[in-house]
Amino acid sequence: MKYLIIVAAVALSTPASAKDNITWTAGVTSDYVARGTSQTLNAPAWNLGVNYTNDGWYAGFWTSPVDFGEGTSQEIDFLGGYRTTL
């Protein structure tokens, strides 16, 4: 849950012009399943993603809790790149 608070604080502190380039995704699921395997031992999970775009460049992250029974508790995926039309 601490990640959600950090992301919200960053979004609220951005200049107004940058807010137009920020998109959010959020969700709650009954189970986080990837490639047919539960990532949360069949428990509910929340997820949050934030992306920033500017002149074709983009960067962001996505996060969700996980439970593999070995002490890992959070998955954080970072992404970035350049998008253009061919």
Side-chain angles (χ1 to χ4, degrees):
M1 197 58 141
K2 64 183 174 183
Y3 299 108
L4 178 62
I5 294 168
I6 292 169
V7 171
V10 170
L12 292 175
S13 67
T14 57
S17 60
K19 288 182 182 177
D20 295 336
N21 298 341
I22 296 174
T23 57
W24 298 75
T25 59
V28 178
T29 61
S30 59
D31 187 13
Y32 170 25
V33 177
R35 296 185 180 127
T37 304
S38 175
Q39 307 296 297
T40 57
L41 297 177
N42 301 313
W46 58 269
N47 56 61
L48 174 69
V50 178
N51 294 312
Y52 175 78
T53 60
N54 189 9
D55 294 327
W57 292 97
Y58 63 92
F61 77 93
W62 181 88
T63 186
S64 181
V66 295
D67 186 356
F68 301 122
E70 58 187 39
T72 304
S73 62
Q74 195 73 28
E75 174 183 344
I76 303 174
D77 300 330
F78 295 96
L79 57 106
Y82 183 77
R83 183 179 326 181
T84 187
T85 303
L86 296 177

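Note that these values count all heavy atoms, side chains included, but never hydrogens, waters or copies made by symmetry. All values reported here derive from a predicted model rather than from experimental measurement.
Although no hydrogens or angles enter the test, the distance criterion places no donor-acceptor pair under 3.5 Å between the side chain of N47 and the main chain of S64. Checked by atom type and distance alone, the side chain of N21 never pairs as donor or acceptor with a backbone atom of Y52 at under 3.5 Å. In this structure, the side chain of Q39 engages the main chain of T37 through a donor-acceptor pair within 3.5 Å.
Atom OG1 of residue T84 and atom CG of residue D55 lie 11.5 Å apart, to the nearest 0.5 angstrom. Rounding to the nearest 0.5 Å places OG1 of T40 at 9.0 Å from CZ of F68.
Here the closest heavy-atom approach between residue D31 and residue S38 is recorded as OD1-OG, 2.8 Å. Taking each heavy atom of L41 and D67 in turn, the nearest pair found is CG-O, 3.3 Å.
Put simply, the side chain of W57 does not reach to within 4.5 Å of the side chain of R83, judged on heavy atoms. Looking only at side-chain heavy atoms (C-beta outward), W46 and T63 come within less than 4.5 Å of each other. Between W24 and L48 there is a side-chain heavy-atom pair separated by less than 4.5 Å. Side chains of L79 and N51 form a contact here, defined as non-hydrogen atoms less than 4.5 Å apart.
Under a hydrophobic-cluster definition in which Ile, Leu, Val, Met, Phe, Trp and Tyr are linked whenever side-chain heavy atoms come within less than 4.5 Å, directly or via other members, V66 and I76 are assigned to different clusters.
Aromatic ring pairs are classed by plane angle as parallel below 30°, tilted from 30° to 60° and perpendicular above 60°; the pair F78 and F61 is tilted.
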